[in-house]
Amino acid sequence: MTEATPALCRDCLTLFEDTPAERCPECASPRLFAHGELPTLSLAHLDCDAFFASIEKRDNPELADKPVIVGGGRRGVVAACCYVARIYGVRSAMPMFKALERCPDAVVIRPDMDRYRAAGRRVRELMQDITPLVEPLSIDEAFLDLSGIETLHGGRPARSLARLVLDIERELGVTASIGLSYNKFLAKIASDLDKPRGFAAIGRAEALDFLAEKPVGIISGVGKAMQASLSRDGITRISHLRRYEEIDLIARYGAMGRRLYSFARGVDKRQVEPNAPTKSISAETTFDTDVADADELLSRLWPLCETVAARLKKSGLAGHGVTLKLKTRDFQTLTRSQRLQDPTRLADRLYRAAEPLLRKAADGRRFRLIGIGAHDLVDAALADPPSLLDPDIGRHAKVEAAMDRVRGKLGADAIVKGRGFKT
Ligand SMILES: [Mg+2]
């Protein structure tokens, strides 16, 4: 006699103690989710499917069956691509020229972040309706801890999640995929297994086997360099990691060794942290043609400083550190950081901190991208105190505050400070 496997109909949300033979007996839907640990798994990763592209399709039904790529001009990269475009081999983060080689008929759409952000905010609200423990990872994905949900809603986590994605579909017209497990590491992997409109779980009983043959790169934090050094030691798959004691992995790979040891065994103790503090606020732009001239680079930098300052002000934060980012034409990334005397939320101070870094970095090389970020974020109350070293600071703050007020009334483009004009 085989054990019963509980199941859930993802359309009518009926729970079954044992999995129906084919379709849901209640509503005839084929979308049954069956899993032995369905009643106990409560850590989820929700990821919207091709989010930007889905919003574009939602708002323009003529695009429904067409390959759609959202991204910058020919020099940019693919920010999102729909599943039709993926059939042609287009992937997100792929350079646009390459994407268009693979799919010349693609409809390319410039990103409209305001629209995406509005939809992302609503997705977040819907998630927060089912649990307060929502940790956003980006505009369209988050971890959800539903371990307390049984008492809260009298329903199983899986059921609440299935209802959530139906709500997102109905209200926002975009689809999402769910990964369900018992920790963050595995939930994030699971949400990718059944995309789009997926619902997949990795349970305790299967985690070790599931992971064994996976490449070590599946562990978050294991990038290219780490993979290379692991590979030199003969470790390419998760099962290889299990040959070593924790103490050996720590000795060899430092703090990362601890994660390698536990993740390889399906153990991840990280909690879901709602509203995890923002680590940095940044803005960047990719040029249509490469730029080498320092003054030209500086003129591109100024609007980015304004963007970062606006975001700092909006979130009530100030940056104690400033990082300048440049990408060379052959895709090498340079970053140069500077710690400030005092935390700032002013575009002008960000700019003045970055200027000498940029003048030094601009040694004749041609760059394809420039960016600036504020990090070491602190509460805005600590920002820009009057300073003897910088007596102008109060005036800068007043001018920027006045500009913000006008922008608030008239829109962001109402005032462009001197440096923002194209020369
Ligand atoms: Mg997504």
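Excluded from the calculations below are hydrogen atoms, water molecules and symmetry mates; all remaining heavy atoms, backbone and side chain alike, are included. Note that the numbering runs from 1 along the sequence shown for the chain.
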- [ ] State, without any angle test, whether Ser231 and Thr236 hold a side-chain donor-acceptor pair at a distance under 3.5 Å.
- [x] no
- [ ] For residues Arg237 and Glu213, report the shortest heavy-atom separation together with the two atoms involved.
- [x] NH1-O, 2.8 Å
Open item on the list: Would you say CZ of Arg31 has more than 12 non-hydrogen atoms from neighbouring residues, nucleotides or ligands within 6.0 angstrom?
Closed with: yes
Task: Pi-cation contact, Tyr261 with Arg258 (under 6.0 Å, within 45°) - done: no
- [ ] Check the surroundings of atom CZ in Phe210: do more than 12 heavy atoms from other residues, nucleotides or ligands lie under 6.0 Å from it?
- [x] yes
Open item on the list: Would you say that Arg349 contacts Asp342 through its side chain, given a criterion of any heavy-atom pair below 4.5 Å between the two side chains?
Closed with: yes
TODO: Indicate the atoms forming the closest heavy-atom contact of Arg23 with Leu32, along with that distance.
DONE: C-CD1, 3.8 Å
- [ ] Using a strict cut-off of less than 4.0 Å between a Lys/Arg side-chain nitrogen and an Asp/Glu carboxylate oxygen, indicate whether Arg121 and Glu125 qualify as a salt bridge.
- [x] no
TODO: Let me see the working for Leu172 and Arg58 under side chain to side chain contact (heavy atoms under 4.5 Å, CB included), right down to the final yes or no.
DONE: CA-CA 9 Å; Leu172 289 153; Arg58 174 196 73 183; 4.3 Å; yes
Open item on the list: Are Leu164 and Met127 packed together at the side-chain level, in the sense that at least one heavy-atom pair is separated by less than 4.5 angstrom?
Closed with: yes
- [ ] Can you see which heavy atom on Thr19 is nearest to which on Ala7, and at what distance?
- [x] OG1-CB, 3.7 Å
Task: Interatomic spacing from OG in Ser191 to CD1 in Ile202 - rounded to 0.5 Å - done: 9.0 Å
TODO: For atom NZ of Lys214, decide whether the heavy atoms of other residues, nucleotides or ligands shown that lie under 6.0 angstrom number more than 12.
DONE: yes
Task: Leu208, CG atom: more than 12 neighbouring heavy atoms under 6.0 Å - done: yes
- [ ] With the side chain counted from C-beta on, respond yes when Phe263 and Leu241 share a heavy-atom pair under 4.5 Å apart, and no when they do not.
- [x] no
Open item on the list: Quick one, Ile370 and Phe287 - any side-chain contact, counting heavy atoms below 4.5 Å?
Closed with: yes
- [ ] Using a 4.5 Å cut-off on heavy atoms from C-beta on, say whether the side chain of Leu166 contacts that of Arg10.
- [x] no
- [ ] Please work out which of the three classes, parallel, tilted or perpendicular, describes the rings of Phe33 and Phe199, given edges at 30° and 60°.
- [x] tilted
Task: Pairwise side-chain contact, Arg270 with Asn183, heavy-atom cut-off 4.5 Å (strictly under) - done: no
Task: Derivation of the side chain to side chain contact (heavy atoms under 4.5 Å, CB included) call for Leu312 and Thr344 - done: CA-CA 9 Å; Leu312 285 167; Thr344 190; 5.7 Å; no
- [ ] Look up atom OG1 in Thr328 and atom CZ in Arg365, then write down how far apart they are to the nearest 0.5 Å.
- [x] 7.0 Å
Open item on the list: How close do Arg204 and Glu37 get, counting heavy atoms only, and between which atoms?
Closed with: N-OE1, 2.7 Å
Open item on the list: Quick one, Gln271 and Leu133 - any side-chain contact, counting heavy atoms below 4.5 Å?
Closed with: no
Open item on the list: Donor-acceptor pair, distance only, cut-off 3.5 Å: does the side chain of Arg259 make one with the backbone of Ser220?
Closed with: yes
Open item on the list: Can you tell me if Asp65 has over 12 outside heavy atoms packed within less than 6.0 Å of its CG?
Closed with: no
TODO: Taking His320 for its side chain and Leu377 for its backbone only, find out whether a donor-acceptor pair lies under 3.5 Å.
DONE: no
Open item on the list: Test side chain to side chain donor-acceptor pair (under 3.5 Å) on Ser177 and Asp47; report intermediate values, then the result.
Closed with: CA-CA 5 Å; Ser177 294; Asp47 187 15; over 6 Å; no
Open item on the list: Has Arg242 got a side-chain atom pairing as donor or acceptor with Ala264's backbone, closer than 3.5 angstrom?
Closed with: yes
Task: Crowding at CZ, Arg265 (>12 non-hydrogen neighbours, <6.0 Å) - done: yes
- [ ] Report the relative orientation of the aromatic rings in Phe143 and His45; use parallel for angles under 30°, tilted for 30 to 60°, perpendicular for over 60°.
- [x] tilted
- [ ] Without swapping roles, check the side chain of Arg366 against the backbone of Asp290 for a donor-acceptor pair under 3.5 Å.
- [x] yes
Task: Asp233-Tyr253 side chain donor-acceptor pair, cut-off 3.5 Å - done: yes
Open item on the list: Before you tell me yes or no, could you show the steps for Cys82 and Lys57 under side chain to side chain contact (heavy atoms under 4.5 Å, CB included), namely the whole-Å CA-CA distance, both residues' side-chain angles and the distance that decides it to 0.1 Å?
Closed with: CA-CA 9 Å; Cys82 72; Lys57 288 198 177 200; 3.3 Å; yes
Open item on the list: So Ile219 and Ile238, do their side chains get closer than 4.5 Å, heavy atoms only?
Closed with: yes
Open item on the list: Check this for me, if you would: do Arg170 and Asp167 make a salt bridge, where the nitrogen-to-carboxylate-oxygen distance has to be below 4.0 angstrom?
Closed with: yes
Task: Glu135 with Lys184: basic N within carboxylate O range, under 4.0 Å - done: yes
